[in-house]
2 protein chains.
Amino acid sequence: MVTNEVSTDIAIPDPDVLNPNCPTRLVLDRIGDRWTVLVVLLLREGPVRFTALRTALGGVAPKVLTQTLKAMARDGLITRTVYAEVPPKVTYELTELGHSLRAPIEAVATWAESNVSAIMAAREAASAG
Amino acid sequence: MVTNEVSTDIAIPDPDVLNPNCPTRLVLDRIGDRWTVLVVLLLREGPVRFTALRTALGGVAPKVLTQTLKAMARDGLITRTVYAEVPPKVTYELTELGHSLRAPIEAVATWAESNVSAIMAAREAASAG
DNA sequence: CAGAATCCCTCGCGATACTG
DNA sequence: CAGTATCGCGAGGGATTCTG
């Protein structure tokens, strides 16, 4: 209708990730939060305790970590195991679903590590220009 | 040192994504925001105009979209092209770096689509139980 | 040790109006 | 059309304190 030099009309990608009503957004929201992704990474080798997570994450507020963990458990990504011991001991572990999320997440993480330098360079170039 | 049933000490995954000081966090932050991921998805077939993006995203505030686009351009993920026409025309396009981000992002999107139902189920089970 | 409760506060995101 | 300029809110995140 206009020119053909660029696609003016948007070809919606097969997924409906773009549809705000689509629950797929839920996943993006979850991944979008500050800690979920890192928790998945930390749990990949097996069960980890609350405080261990807290420490590894570099000082998250307990409230926030609890929130994150609860949300993840609610969504079936992790399980919570309480040991009848004193002092208390609770561990979190990836479910099968949680494990299946590792691949995509690690793909992103790997990309991040490989390309941070490029991004930083671009960023400095931008502020320089 | 305690028991061996679970890994109490955290084995930091090879990457240092967990280090708050690590710039890798930058990437997660960027991906964590509401629109970046969707923009990448929308740009995968070629250049797209501002309003087309806006429409496809379902009514983002122009200010927000501009913010997102600027941040992405600053980080070298997209380029902005202005056409000397009336009415004005500006297109955004993935850079090579931006394109390289597609794979990981699409992996997440695909996972999302495949597993939303499982997540929803888990969520309902949680609220039911 | 694991978390609940509380208070606080930034800032991401949105809505609206206006301009080159 | 492609933005900028303002205004504003609400949620997510954080620091601290307390308890089972």
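Note on naming: letters A, B, ... go to the chains in the order of the sequence lines (proteins, then strands), and numbering restarts at 1 for each one.
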(message) Need to verify one output field. Residue with the more 5' nearest nucleotide on DNA chain D, B/Pro88 or A/Pro88?
(response)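 Whichever sits nearer the 5' end wins; that is B/Pro88.
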
(request) Applying side-chain hydrogen bond (donor to acceptor under 3.5 Å, both in side chains), name anything that partners A/Arg123, two or more places apart in sequence or on another chain. (result)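 With sequence neighbours excluded, A/Arg123 shows a side-chain hydrogen bond (donor to acceptor under 3.5 Å, both in side chains) to B/Asp75, given in chain and number order.
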
(request) List in chain and number order the residues that pass salt bridge (Lys or Arg N to Asp or Glu O under 4.0 Å) with B/Arg102, two or more places apart in sequence or in another chain; answer none if no residue qualifies. (result)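 Listed in chain order: B/Glu106.
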
Kindly list each side-chain donor-acceptor pair under 3.5 angstrom involving residues 31-38 of chain B, sequence neighbours excluded, with atom names and distances?
from, atom 1, to, atom 2, distance (Å)
B/Asp33, OD1, B/Trp35, N, 2.9
B/Asp33, OD1, B/Thr36, N, 3.0
B/Asp33, OD1, B/Thr36, OG1, 3.0
B/Asp33, OD2, B/Thr36, OG1, 2.6
B/Arg34, NH1, A/Asp29, OD1, 3.2
B/Thr36, OG1, B/Arg30, O, 3.4

(message) If you compare all heavy atoms of B/Ala109 against all heavy atoms of B/Leu41, which two are closest, and at what distance to 0.1 Å?
(response)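 Nearest heavy atoms, B/Ala109 then B/Leu41: CB-CD2, 4.5 Å.
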
(message) Testing the basics here: between B/Leu69 and B/Val39, what is the closest heavy-atom pair and its distance to 0.1 Å?
(response)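 Shortest heavy-atom contact: CD1-CG1, 4.1 Å.
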
(message) Both A/Pro87 and A/Lys70 contact DNA chain C. Which one's nearest nucleotide lies toward the 5' end?
(response)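 Final value for this comparison: A/Pro87.
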
(request) Mind checking the CD-CE spacing from B/Gln67 to B/Met72? Nearest 0.5 Å is all I need. (result)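 So the gap between those two atoms works out to 13.5 Å.
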
(message) Strictly distance-based, threshold 3.5 Å: is any side-chain N or O of A/Thr91 a donor or acceptor partner for the main-chain N or O of A/Arg49?
(response)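 Pair absent, no side-chain N/O of A/Thr91 close to backbone of A/Arg49.
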
(message) B/Thr66: which residues meet the side chain to side chain contact (heavy atoms under 4.5 Å, CB included) condition with it, sequence neighbours left out?
(response)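 Testing B/Thr66 for side chain to side chain contact (heavy atoms under 4.5 Å, CB included), a comparison that skips the adjacent residues, returns B/Phe50, B/Lys70.
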
(request) Walking along DNA chain D from 5' to 3', note the first and the last nucleotide with an atom under 4.0 Å from a heavy atom of chain B, and give both. (result)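 Both ends considered, the range comes out as D/dC1 to D/dC7.
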
Nucleotide N/O of nucleotides 12-14 of chain C paired with protein N/O under 3.5 Å:
from, atom 1, to, atom 2, distance (Å)
C/dC13, OP1, B/Arg34, N, 2.9
C/dC13, N4, B/Lys63, NZ, 3.2
C/dG14, OP2, B/Trp35, NE1, 2.9
C/dG14, O6, B/Lys63, NZ, 2.2

